[in-house]
**Q** 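Dropping a structure here in structure tokens format, bear with me for questions.
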Amino acid sequence: PPGSGISDVPANVLILLDKSGSMSVRMTSGDGFSYPYSVATDSSGDVYVGSYWLRGIKKFTYSTKKNDTSFGSSGTYRGSGNCRSYYPMNMKVHNNKLYVASFYQNRIFRYDLANGNCDWSTSLYRARNVSVAQNFLYASGNGGMLTYNISGATPSKVNCSFSGSLSGYGRYYGQTPDYKRENFYVQYYRYLYRHTIGSNGCINTSYSSRIPVGNWYYSYGMDHHPSNEFILYGNDWTNHRVSKVTLNSSRNRYTTMKNVGRYGRGASKTGNVRMYYGWGLTVDKVNNRVLSANYHKQSVQAFDLDLNF
């Protein structure tokens, strides 16, 4: 099994699986990563993985599953100062810019994928989450929540109130707006909390609905469907699986929930997806894929939008 050191697979390799379930390539120790927190994709479908062990970010070319050694320094971006990747908890790509929540650096920073420069950062104590929709960035951490308009060359802060129900959300991981940026969702302990979003981008401080989601306990990564405002995706850390949730028209209950995965380090295949503490999750909105970073399996796995492996 990958990442365990059993059989002929070294303990620090990555096996990256495509959505067909085939094992397309075995990474060498130089190509792989250890304990991935976060995953993001660019417009070409290439994959960025934030690693706890490396305290850095690697880029993988999706077609070859190989580490792009031209990225960062010899294939890994670690950065320095306000742009240091120090426990990259969450990442999202928007307009060819990689936004990173750097937990122990207490920053949200932006890395330009075109020129390899970090061109913006802001302070946020114990930054945990970033999410993007319709040119707005939402960031949260122990220090609270931040909203930025990122349609221009430099992010512009939107002054919003984060009192009421929002005040405690900085410590929660599973957060995403819908693709229209009309509602903002937070998942915590068997519930999905929905807040409306105003035309100025600010999240309403009181939730509009609290949606029971069964035994989906904790999501450490969420994202939205690229074109359907009623569909959300999230990792289920506790149950070692990934979930697709479709809400009803009133957005106060779900109509269907599809769960895929079960505990295990072994290789996944169609009908038998193995996960071990899914952390970061992203939806590749260009190529219509859902990617899940598995922390203890030390891998990233890809699904189509209906979670077929």
Side-chain angles (χ1 to χ4, degrees), residues 1-29 31-41 45-53 58-67 91 173-174 215-223 225 231-245 256-285 287-309:
S4 65
I6 299 171
S7 187
D8 63 339
V9 184
N12 59 348
V13 308
L14 159 71
I15 291 178
L16 186 63
L17 300 164
D18 65 16
K19 71 178 185 181
S20 69
S22 61
M23 188 191 310
S24 59
V25 116
R26 177 173 295 168
M27 300 292 186
T28 65
S29 59
D31 282 337
F33 51 76
S34 294
Y35 302 108
Y37 272 139
S38 50
V39 59
T41 59
D46 293 336
V47 181
Y48 301 83
V49 181
S51 170
Y52 152 77
W53 189 258
K58 284 195 172 190
K59 176 185 177 182
F60 293 87
T61 303
Y62 190 84
S63 59
T64 65
K65 316 298 185 290
K66 288 289 186 180
N67 180 212
M91 305 188 299
Y173 291 89
N215 64 346
W216 182 11
Y217 286 91
Y218 301 108
S219 177
Y220 284 9
M222 284 182 66
D223 207 348
H225 190 281
I231 297 178
L232 306 171
Y233 300 91
N235 278 330
D236 184 338
W237 166 271
T238 307
N239 294 301
H240 311 284
R241 62 194 185 191
V242 60
S243 300
K244 175 187 176 182
V245 179
T256 61
M257 179 185 294
K258 182 175 182 178
N259 299 308
V260 174
R262 61 190 181 115
Y263 168 80
R265 292 181 184 267
S268 295
K269 59 184 179 182
T270 302
N272 186 16
V273 173
R274 296 303 185 112
M275 303 179 71
Y276 193 4
Y277 290 135
W279 196 290
L281 179 141
T282 197
V283 175
D284 179 348
K285 298 171 180 66
N287 300 288
N288 293 327
R289 293 190 294 249
V290 179
L291 290 92
S292 171
N294 280 216
Y295 184 77
H296 277 298
K297 190 177 176 182
Q298 302 188 59
S299 70
V300 168
Q301 299 185 102
F303 307 83
D304 68 18
L305 293 180
D306 198 37
L307 298 187
N308 296 307
F309 181 74

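Heads up: numbering here begins at 1 and tracks the sequence.
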**Q** Tell me every residue that passes side-chain hydrogen bond (donor to acceptor under 3.5 Å, both in side chains) with Asn259, counting only those two or more places apart in sequence or in another chain.
**A** Ser243
**Q** Write down the atom of Ser51, the atom of Ser34, and the distance for their closest heavy-atom approach.
**A** OG-O, 2.5 Å
**Q** Only counting residues at least two apart or in another chain, list the ones meeting ring-ring contact (aromatic ring centres under 6.0 Å, His included) with Tyr48.
**A** Phe71
**Q** Specify the closest pair of heavy atoms between Lys258 and Leu307, including all atoms of both residues, with the distance to one decimal.
**A** O-CD1, 3.7 Å
**Q** Could you tell me whether a side-chain N or O of Ser219 sits under 3.5 Å from a main-chain N or O of Gly221, the two making a donor and an acceptor?
**A** yes
**Q** With sequence neighbours left out, what residues match Trp216 under ring-ring contact (aromatic ring centres under 6.0 Å, His included)?
**A** none
**Q** What heavy-atom pair brings His296 and Arg265 nearest, and what distance separates the two atoms?
**A** O-NH1, 2.7 Å
**Q** Taking the ring of Trp237 and the ring of Tyr220, is the distance between their centroids below 6.0 Å?
**A** yes
**Q** Output all residues satisfying side-chain contact (heavy atoms from CB on, under 4.5 Å) with Thr41, sequence neighbours left out; order by chain, then residue number.
**A** Val47, Thr282, Asp284, Leu291
**Q** To check you understand the geometry: which heavy-atom pair defines the closest contact between Lys297 and Ser268, and what is its length?
**A** NZ-OG, 3.1 Å
**Q** Suppose we screen for side-chain contact (heavy atoms from CB on, under 4.5 Å). Which residues come up paired with Ser292, at least two apart in sequence or across chains?
**A** Asn235, Met275, Asn294, Phe303
**Q** Take Lys244 and Ile231, measure what side chain to side chain contact (heavy atoms under 4.5 Å, CB included) needs, and give me the verdict at the end.
**A** CA-CA 7 Å; Lys244 175 187 176 182; Ile231 297 178; 3.8 Å; yes
**Q** Quick check: are there more than 12 heavy atoms from other residues, nucleotides or ligands sitting under 6.0 Å from OH of Tyr52?
**A** no
**Q** Spell out, as yes or no, whether a donor-acceptor pair under 3.5 Å connects the side chain of Asp223 to the backbone of Val283.
**A** yes
**Q** Of all residues at least two apart in sequence or in a different chain, which pass the ring-ring contact (aromatic ring centres under 6.0 Å, His included) check with His240?
**A** Tyr263, Tyr276, Tyr277
**Q** Under the side-chain hydrogen bond (donor to acceptor under 3.5 Å, both in side chains) test, which residues partner Asn239, sequence neighbours left out?
**A** Asp236
**Q** Under the 3.5 angstrom rule, does the side chain of Gln301 hit a backbone N or O of Arg274 as a donor-acceptor pair?
**A** yes
**Q** Enter the distance from Leu232:CG to Met222:CE here, rounded to the nearest 0.5 Å.
**A** 5.0 Å
**Q** In plain terms, say whether Asp304 and Arg289 are close enough for a salt bridge, that is, a side-chain N and a carboxylate O under 4.0 Å apart.
**A** no
**Q** Compare all side-chain heavy atoms of His225 with those of Tyr233 and state whether any distance is below 4.5 angstrom.
**A** yes
**Q** Apply the test side chain to side chain contact (heavy atoms under 4.5 Å, CB included) to residues Trp279 and Val39: give CA-CA distance (whole Å), side-chain angles for both, the deciding distance (0.1 Å), then the verdict.
**A** CA-CA 9 Å; Trp279 196 290; Val39 59; over 6 Å; no
**Q** Partners of Tyr217 by side-chain hydrogen bond (donor to acceptor under 3.5 Å, both in side chains), sequence neighbours excluded?
**A** Arg190
